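A quick write-up on the structure given underneath.
Predicted, not measured: the structure shown is a model, and the values here were computed from it. Throughout, protein chains are lettered first and strands after them, A, B, ... in sequence-line order, and every chain is numbered starting at 1. We use all heavy atoms of the structure for the numbers below, so side chains are in, but hydrogens, waters and symmetry mates are not.
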There are 2 protein chains.
Amino acid sequence: MPQPDDRRDDLGALLHRLVRRVLELETPLLAARGVEMWDYAVLAALESGPAQTQARLAAAIGRDKTRLIASLDRLEGRGLVAREPDPADRRNRIVTLTPDGRALLAGCRADVRAMEEGLLADVPADDRAAFLRTLLRVAPPPAG
Amino acid sequence: MPQPDDRRDDLGALLHRLVRRVLELETPLLAARGVEMWDYAVLAALESGPAQTQARLAAAIGRDKTRLIASLDRLEGRGLVAREPDPADRRNRIVTLTPDGRALLAGCRADVRAMEEGLLADVPADDRAAFLRTLLRVAPPPAG
DNA sequence: TATTGTTATACTCTATAACTATA
DNA sequence: TATAGTTATAGAGTATAACAATA
């Protein structure tokens, strides 16, 4: 029996619980591959192509540019990404995924998707589709 | 045209963006009534009845018992909740919502629900229902 | 002067472990 | 001794502002 709508938990409470659960499941998967959560976010953001500036990359994953630097240092140190000065404007650093980075990303993503599959296993297919569709509509990626 | 499923953002990224957006919209509404986010979570958790112990209340809202205390101090100082020793075991403090607390909660909740309504305005009714149903199924409230 | 990346500083949040009072 | 609540301490995360290089 469904809850009357005015008695349900707030969206904030529902989302908070779900985010915590996803993080609990996801963190150990990434740690097993030596990757922290934000490092993974960086790798994933670079999959579709290089970032023209670090500031743009930071915005794409919803972080501050200053806090991105530790992730980039780690990833560059492991040869997973490369930072090259933009010849056209040498203030900018173009960040690209290396082949090793792409391979690691593929492994991480496979693990994460399997985790998500398990999480949503009990949800009927059409509810799942509506769920993802709604998430994408209500929280679209930043323009660009 | 829908994204192919393997190209969509991870659930973590989608949820992170949405939580941030909800928080951005919700925080000023609560601040206008002099309430912080976690204070509101406490009030909401007490709506259905008193908490028999502070530890149980903390668990209900997904927080540590030590971090609950500042909220309770604030709320008790404003006469919105009451902490009374349990006569049966005086180590426990029973936390109850006062009439003032209940009134403030009603106002906050109305504001929050209106915000949610606006956020989901573009989402078709059946998708919205599936969305909330799925959230509740995948991140159910803690037992008790 | 303005901007990119970087570093440094302070501030908040969180986790852990003591401490007290009851049992 | 064990537990509920409280307090204190240290650590991580975050925001802000300064700094160096380049435009």
- Looking at A/I61, A/L105, A/L29, which hits side chain to side chain contact (heavy atoms under 4.5 Å, CB included) with A/Y40? A/L105
- Rounding to a whole Å, what distance do you find between A/K65:NZ and D/dA20:C1'? 12 Å
- Message: Quick check on side chain to side chain contact (heavy atoms under 4.5 Å, CB included): which of A/E84, A/R83, A/R56 does A/V95 satisfy it with?
- Response: A/R83
- Message: I need the CD1-C1' distance between A/I69 and D/dA21, as an integer number of Å.
- Response: 14 Å
- Query: Is A/D122 salt-bridged to B/R137, going by a charged N under 4.0 Å from an acidic O?
  - Reply: no
- Message: Expressed as a whole number of angstroms, how long is the span from B/N92:CG to D/dA2:P?
- Response: 18 Å
- Task: Specify the residue among B/P87 and B/W38 whose closest nucleotide of DNA chain C lies further upstream toward the 5′ end.
- Result: B/W38
- Note on the structure: Taken to the nearest whole Å, CD1/B/I94 to P/D/dA4 is 14 Å
- Note on the structure: By nearest-nucleotide position on DNA chain D, the 5'-leaning member of B/A55 and A/D64 is B/A55
- Message: Rounding to an integer number of Å, can you tell me how far A/M37 CE sits from D/dA12 P?
- Response: 16 Å
- Message: Please tell me if B/R67 has a side-chain N or O lying less than 4.0 Å from either OP1 or OP2 of D/dA8.
- Response: no
- Item | Length of the CG-P vector between B/L68 and D/dA4, whole Å | 14 Å
- Any luck finding a side-chain donor-acceptor pair between A/D100 and A/T98 under 3.5 Å? no
- Query: Which two nucleotides bound the region of DNA chain C that has atoms under 4.0 Å from heavy atoms of chain B, read 5' to 3'?
  - Reply: C/dT14 to C/dA23
- Message: For residues 15-28 of chain A, which residue pairs pass the side chain to side chain donor-acceptor pair (under 3.5 Å) check, not counting sequence neighbours?
- Response: A/D9-A/R17
- May I ask you to evaluate whether B/Q52 reaches the phosphate of D/dA4, defined as a side-chain N or O under 4.0 Å from OP1 or OP2? no
- Please give, in whole Å, the distance from D/dA15 P to B/L23 CG? 12 Å
- Report yes or no: does A/R128 contribute a side-chain atom to a donor-acceptor pair with the main-chain N or O of A/L120 at less than 3.5 Å? yes
- Task: May I ask you to verify if any side-chain N or O of B/R91 is less than 4.0 angstrom from the OP1 or OP2 atom of D/dT6?
- Result: no
- Earlier contact from the 5' end, DNA chain C, for B/D89 and A/R93: A/R93
- Separation of D/dA4 atom C1' from B/R83 atom CZ, nearest Å, is 12 Å
- Query: Does B/W38 have B/R63 sitting over its ring (NZ/CZ under 6.0 Å from centre, angle to axis within 45°)?
  - Reply: yes
